[in-house]
Trainee: 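First the structure, which I've put down as structure tokens, then a few questions once you've had a look.
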Amino acid sequence: SRWATRRERSLRRLGEALDTRRYPQLADIAAALRDEAPEAAGAFLDYMRRRPTPDLSRFITPPPTAAEYAAASRRTGGRPRRHNCHSLWADAMASGDAELRAALDQRLADILDPVRVPSWHETNYAWIRLVSSALHHGGIDDHTLCMLYLFALDYAEHANAFSHSVEPTQPSVGGNHYLHHIISWFTMSLVVPEFSRMPALRRGAVARMDDELDRQVMPDGSMVEGAPGYQNCCLHLLGEYLRLAQEHDIQLPESTCQRTAEMAAHCLGLLKPDGRTPMFGDSQDDVFRHLAARVEPFIPSPALAWAVSQGERGTPPKFTSAAFECIGYYAMRTGWQRDALCMVFDGGRFGDAHHHEDKLSFELQAFGRELLVDPGVYGYDSHWFRAWSILSAAHNTIVVDGISQCRWRQPREQWSGRQPVDTRWRTGALWDEVEASFDGPWERDLGSLCVRRRVRFHKGAGDADGPPAFWWITDHVEGEGRHDVAQYFHFSREVNAVATDHTRAWTTDAGVANLAIVLATLGSSDADGITITKHRGEETPYRGWVSPTIGQLEPAWEVCFTGAAARPARRDFILIPSPGAFPEPPDATVHDDATVTLRIGQGEWKITGPNT
């Protein structure tokens, strides 16, 4: 969004903005700046270098040496870094490269543009490191550096005005952007307290952050965006916010710390056994402890300390399976150890931003291995993966007639809320169960069609002779007419080989955990005509891909069970994990809505599900 007014930056304005009542030692410097005297810029910057408070030493980084820069380039195979203004400064200083220098000059011009607001990627961390490092190590001329300090005031004023908009100028902007605005504004108010307006702006930032967290954090600790990766991002930001407040003796409202603790507890409850975060929506393959480490010192939680320290401190959570019913995410797990079995299930809301059409999808890990995954993000541009990864067919869910979910057509007020979603959840010592449905809107009109998915998790008998752990998925397609129904299963990039026959798909990797997916539909007629196809790294059309991190694409196996069915239709899948290779493919039979028989090697078990 644009600045509220055109921002003209000059040494005169800098001098007029300084508070000589609170800082009488600045009187002569401010007068010289107002007169735009030749020595004024240097005098102001010399004051900034010598002042003892605030202590910005942790933000001052020298540029790498030429040898360090060359070694870093070799490590990346010569690929360019994703530059913000600070890293551009560091690389230009280290390399002496004219193109990098020109890129830095252009970036500084963009930041100081009198009309356009720079990307939040250039504010807060990047800006404070740039001005602090350049102040002590050079690389930016005195006048430009003075204007970068004046930018701090202008940005704080802009963010303050933006935060009070009744209707934000960009309603599709994610909740994390608002937190970035506030933390940048707060940071700048602390870094340059000599401006007359900064005490009031700092108080406004503290109040606005508390209000924003109250608005964005739902009672189950989830945030309105509904993207676990972006909630991690917000936790990371809040760690810096809490640290800055502590360093500068700023008293924050108790509710700010409480909302932050609730956010951390939510992220922890969804954690996968490998310490990563579910990739629902635009989440990347985040290692939770890397992002939560900054906030952990401020939250008195033994479970969070355990997660961040990889078990060296604290204690594991006292619960195993968990439900977050305001956002509609559920975790079904056997424990917190690295080789635990875990499924995280999306039975909930679209989310205010960074959303995918992925309701009823899930991710699955077992015996120390990631097996079924979300496709990831890749980027936010026009690349084909972006368009494909948002669609239902890119997730472990149900697609009818090849038509994707289309929840962005819902009224926006349905995208997040403080009331629990309409999803059934039960957890117990032996069984977990979750059931959710999707009845539109669809990408094209499908009439009164509703798909309903129930997942039951049998946690296993705990001994060699008892029944193993497994997931029992029951899908219903309700309504009238005959339609093509497809269930998609997307395997991790770590899975090398997948075999199929007429009712099963199973991985066949040696020496690691494997997974079998058995079509065990109640009533043989419903299984008639169902075909199983598998795809990996295909481009016409695109099928069988994942993006574990921004800008990275990798082929991965996709298995699809598809066939025409008259509604109402039902399909049952039994997902059986194994710590090693299957001696032969497992099989299963569903007898009724409560009983299933598993056959794995020489073992056979008839198992009764939880009471319905």
Trainee: How about Arg338 and Asp274: do any of their side-chain heavy atoms sit closer than 4.5 Å?
Mentor: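 Yes - at least one pair of side-chain heavy atoms lies under 4.5 Å apart.
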Trainee: Is there a side-chain contact between Leu270 and Leu268 (heavy atoms, below 4.5 Å)?
Mentor: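 No; the side chains remain at least 4.5 Å from each other.
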Trainee: Give a yes-or-no answer on whether the side chains of Asn396 and Glu363 include a donor-acceptor pair shorter than 3.5 Å.
Mentor: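 No pair is found: no donor N or O on one side chain lies under 3.5 Å from an acceptor on the other.
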Trainee: Between Asn124 and His180, does any side-chain donor sit less than 3.5 Å from a side-chain acceptor?
Mentor: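 Not at all, the side chains of Asn124 and His180 share no donor-acceptor pair under 3.5 Å.
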Trainee: So which heavy atom on Pro375 is nearest to which on Trp388, and how close?
Mentor: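 Result for this residue pair: CB-CZ3, 4.1 Å.
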Trainee: Quick check on side chain to side chain contact (heavy atoms under 4.5 Å, CB included): which of Arg386, His355, Glu225 does Asp282 satisfy it with?
Mentor: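 Between Asp282 and the candidates, side chain to side chain contact (heavy atoms under 4.5 Å, CB included) is satisfied uniquely by Arg386.
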Trainee: Could you give the distance from CG (Leu237) to CG (Asn232), rounded to the nearest 0.5 Å?
Mentor: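 If we round to the nearest 0.5 Å, Leu237:CG and Asn232:CG are 11.0 Å apart.
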Trainee: Applying side-chain contact (heavy atoms from CB on, under 4.5 Å) to Leu364 and Trp471, what does each step give before you reach the verdict?
Mentor: CA-CA 10 Å; Leu364 188 152; Trp471 284 269; 3.6 Å; yes
Trainee: As an exercise, state the distance from NZ of Lys359 to CG of Asp439, rounded to the nearest 0.5 Å.
Mentor: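 Rounded to the nearest 0.5 Å, the NZ-CG separation comes to 7.5 Å.
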Trainee: For His356 together with Phe280, are the ring centres under 6.0 Å from each other?
Mentor: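 When the ring centroids of Phe280 and His356 are compared, they turn out to be at least 6.0 Å apart.
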Trainee: Glu538 vs Arg543, test: salt bridge (charged side-chain N to carboxylate O under 4.0 Å, His left out). Steps then yes/no.
Mentor: CA-CA 5 Å; Glu538 298 177 10; Arg543 300 188 71 167; 5.5 Å; no
Trainee: Does the side chain of Leu201 reach to within under 4.5 Å of the side chain of Glu157, using non-hydrogen atoms?
Mentor: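 Side chain of Leu201 against side chain of Glu157, heavy atoms only: contact under 4.5 Å found.
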Trainee: With side chain to side chain contact (heavy atoms under 4.5 Å, CB included) as the test, pick out the partner of His476 among Arg571, Glu435, Arg570.
Mentor: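 Among Arg571, Glu435, Arg570, the one meeting side chain to side chain contact (heavy atoms under 4.5 Å, CB included) with His476 is Arg570.
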Trainee: Show your working on ring-ring contact (aromatic ring centres under 6.0 Å, His included) between Tyr488 and Phe561 and close with a plain yes or no.
Mentor: CA-CA 7 Å; Tyr488 288 85; Phe561 293 73; over 10 Å; no
Trainee: Is Asn160 close to Phe162 at the side-chain level, that is, under 4.5 Å between some pair of heavy atoms?
Mentor: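 No - every pair of side-chain heavy atoms lies 4.5 Å or more apart.
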Trainee: For Trp336, does the six-membered ring have the charged nitrogen or CZ of Arg333 within the cation-pi criterion, i.e. under 6.0 angstrom from the centroid and within 45° of the normal?
Mentor: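 That pair qualifies as a cation-pi contact.
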Trainee: Using a distance-only test with no angle check, is there a side-chain donor-acceptor pair under 3.5 angstrom linking His181 and Tyr155?
Mentor: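 Distance-only check passes for His181 and Tyr155.
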Trainee: So, do Val559 and Ile517 sit near enough that their side-chain heavy atoms are less than 4.5 Å apart?
Mentor: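 They are not in contact (no side-chain heavy atoms under 4.5 Å apart), so the answer is no.
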Trainee: Consider ring-ring contact (aromatic ring centres under 6.0 Å, His included). Of Trp557, Trp384, Phe385, which one does Trp545 pass it with?
Mentor: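 When Trp557, Trp384, Phe385 are each tested with Trp545, the ring-ring contact (aromatic ring centres under 6.0 Å, His included) holds only for Trp384.
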Trainee: Could you tell me whether the side chains of Ser361 and Thr397 share a donor-acceptor contact shorter than 3.5 Å?
Mentor: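 No, because no side-chain N or O of Ser361 sits under 3.5 Å from a partner of the opposite role on Thr397.
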Trainee: State the CD-OG distance between Glu240 and Ser184, to the nearest 0.5 angstrom.
Mentor: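 Here the rounded value is 10.5 Å.
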Trainee: Could you walk me through whether Gln216 and Leu179 pass the side-chain contact (heavy atoms from CB on, under 4.5 Å) test, one step at a time?
Mentor: CA-CA 10 Å; Gln216 288 201 38; Leu179 266 61; 3.4 Å; yes
Trainee: Given Met188 and Thr123, is the side-chain contact (heavy atoms from CB on, under 4.5 Å) satisfied, shown in steps?
Mentor: CA-CA 9 Å; Met188 292 165 176; Thr123 61; 4.2 Å; yes
Trainee: Got a sec, which residues hit side-chain hydrogen bond (donor to acceptor under 3.5 Å, both in side chains) with Asp422, two or more places apart in sequence or on another chain?
Mentor: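 With neighbours one apart ignored, the set is empty.
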Trainee: With heavy-atom distances below 4.5 Å as the criterion, would you say the side chains of Pro273 and Gln337 are in contact?
Mentor: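 SC-SC contact between Pro273 and Gln337 ruled out.
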Trainee: Quick one about Glu262 and Gln258 (side-chain donor to acceptor, distance below 3.5 Å, no hydrogens or angles considered), yes or no?
Mentor: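 Result is yes, a qualifying pair exists.
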Trainee: Can you give me the closest heavy-atom contact between Ile327 and Ser222, atom names plus distance?
Mentor: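 In terms of heavy atoms, the two residues are closest at CB-OG, 3.3 Å.
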Trainee: Is the ring centre of Trp425 less than 6.0 Å from the ring centre of Tyr330?
Mentor: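 Centroid separation for Trp425 and Tyr330: below 6.0 Å.
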Trainee: Are the side chain of Asp210 and the backbone N or O of Thr256 linked by a donor-acceptor pair below 3.5 Å?
Mentor: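 Judged by distance alone, yes, a pair lies under 3.5 Å.
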Trainee: Do Arg453 and Ser437 touch side chain to side chain, with heavy atoms closer than 4.5 Å?
Mentor: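 No, every pair of side-chain atoms sits at 4.5 Å or beyond.
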